[in-house]
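For reference, positions follow the sequence shown, starting with 1. All values below come from the heavy atoms of this structure, side chains included, with hydrogens, waters and symmetry mates left out. If you're wondering where the values come from, they're calculated on a predicted model, not measured in any experiment.
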Amino acid sequence: MPAKKILGIAVFLLSLVLGHIAHFSAINGLNVPLIILLQGIALALLSRHILTVACCTLLFCLFAVYCPQQARTTDTLLLYVVPLGVLLGTFACSLLPAHTPLISRVAQQVHGSLRADVARYTRFLTLFWALFFAGALLAPAVLALAGPDGSWRWPLSGGTFACAAGVMLVEAYVRRRVIRNFEHVSLRETVSAFRKASSRPTSGRA
């Protein structure tokens, strides 16, 4: 991994850590702009559109100076919505006609041609995760309208991540019970295959 990308990830993680430290998590005219500035620097290091990122970061920092509470809430929502939106789009688009479901492509990266039952399972699993991400995106709004006061923050503060981790553990167990006589791979190999599959075109049926 290039040093620039590693530095960008490190700076972004630093902004998240600072946001959970008591002194920096206090809402004021300096802490929030600092956290947003760090996030902007991280995005600039990770993105090719440096000028666009710099302009957006500057405007967001100015907004944070005058409206720190609103800027912090907006930043939290963006950090939640954007990654989930990208994942939802990636999984959902791979289910379109003439495309290969994303998890089917991941399995093909590891196992080559898939058996009929494996291809069917990976298609349904791709659909499940698309629905999961859609539900996760809707959860804060639903809780804000129908849940207790402040409950809309539960998914944003780790609830969605905990649910996803739990579902992955359950799915790993179910997969081994449903798909028999098959060489299941480690999590590390799965992550590596996912990175390769998600960076390639989705055309072609499983």
### Task
Measure across Ile179 and Val118 and return the closest heavy-atom pair with its distance rounded to 0.1 Å.
CG2-CG2, 3.9 Å
#### Entry: Between CZ on residue Phe12 and CG on residue Leu79, distance to nearest 0.5 Å
5.0 Å
### Query
Hey, are the side chains of Leu43 and Thr57 touching, using non-hydrogen atoms and a 4.5 Å cut-off?
no
### Close side-chain approach of Thr73 and Gln70, heavy atoms under 4.5 Å
no
### Task
Please name the pair of heavy atoms, one in Ala64 and one in Val32, separated by the smallest distance, quoted to 0.1 Å.
CB-CG1, 3.8 Å
### Message
If you count every heavy atom of other residues, nucleotides or ligands that lies below 6.0 Å from Phe124 atom CZ, does the total exceed 12?
### Response
no
### Query
CG/Leu14 to CD1/Ile9 distance, rounded to the nearest 0.5 angstrom?
13.5 Å
### Summary
Heavy-atom nearest pair, Lys4 first then Ile50, reads NZ-CD1, 4.1 Å
#### Entry: Hydrophobic cluster identity match, Leu127 and Phe133, side-chain contacts under 4.5 Å
no
### Task
Carefully, step by step, assess Trp129 and Leu88 under the rule side chain to side chain contact (heavy atoms under 4.5 Å, CB included).
CA-CA 8 Å; Trp129 280 112; Leu88 172 59; over 6 Å; no
### Ser94 (side chain) donor-acceptor with Pro101 (main chain) under 3.5 angstrom
no
### Query
With a 4.5 Å limit on heavy-atom distance, are the side chains of Leu58 and Phe63 in contact?
no
### Message
Are Leu137 and Phe128 linked, directly or through intermediate hydrophobic residues, by side-chain heavy-atom contacts shorter than 4.5 Å (ILVMFWY only)?
### Response
yes
### Query
Does Tyr80 reach the main-chain N or O of Arg153 with its side chain, forming a donor-acceptor pair under 3.5 Å?
no
### Message
Quick check: closest heavy atoms across Ala42 and Gly8, and the distance to 0.1 Å?
### Response
CB-O, 3.2 Å
### Query
Heavy-atom distance under 4.5 Å between the side chains of Tyr66 and Pro33, does that happen here?
no
### Task
Using modelled atom types only, decide if a donor and an acceptor are shared between the side chain of His99 and the backbone of Pro97 within a distance under 3.5 Å.
yes
### Query
Between atom CD1 of Ile36 and atom CZ of Phe60, what is the distance when rounded to the nearest 0.5 Å?
4.0 Å
### Task
Measure across Gly40 and Val53 and return the closest heavy-atom pair with its distance rounded to 0.1 Å.
O-CG1, 3.5 Å
### Within one Ile-Leu-Val-Met-Phe-Trp-Tyr cluster: Leu13 and Leu46, side-chain cutoff 4.5 Å
yes
#### Entry: hydrophobic_cluster_shared for Leu138 and Leu87, side chain cutoff 4.5 Å
no
### Summary
Note: Leu78 and Pro83 closest approach over all heavy atoms is O-CD, 3.7 Å
#### Entry: In one Ile/Leu/Val/Met/Phe/Trp/Tyr side-chain cluster, 4.5 Å: Phe161, Leu156
no
### Euclidean distance, Leu102 CG relative to Arg123 CZ, rounded to 0.5 Å
12.0 Å
### Task
State the CD1-CD distance between Ile103 and Gln108, to the nearest 0.5 angstrom.
12.5 Å
### Query
CD/Glu171 to OH/Tyr121 distance, rounded to the nearest 0.5 angstrom?
3.5 Å
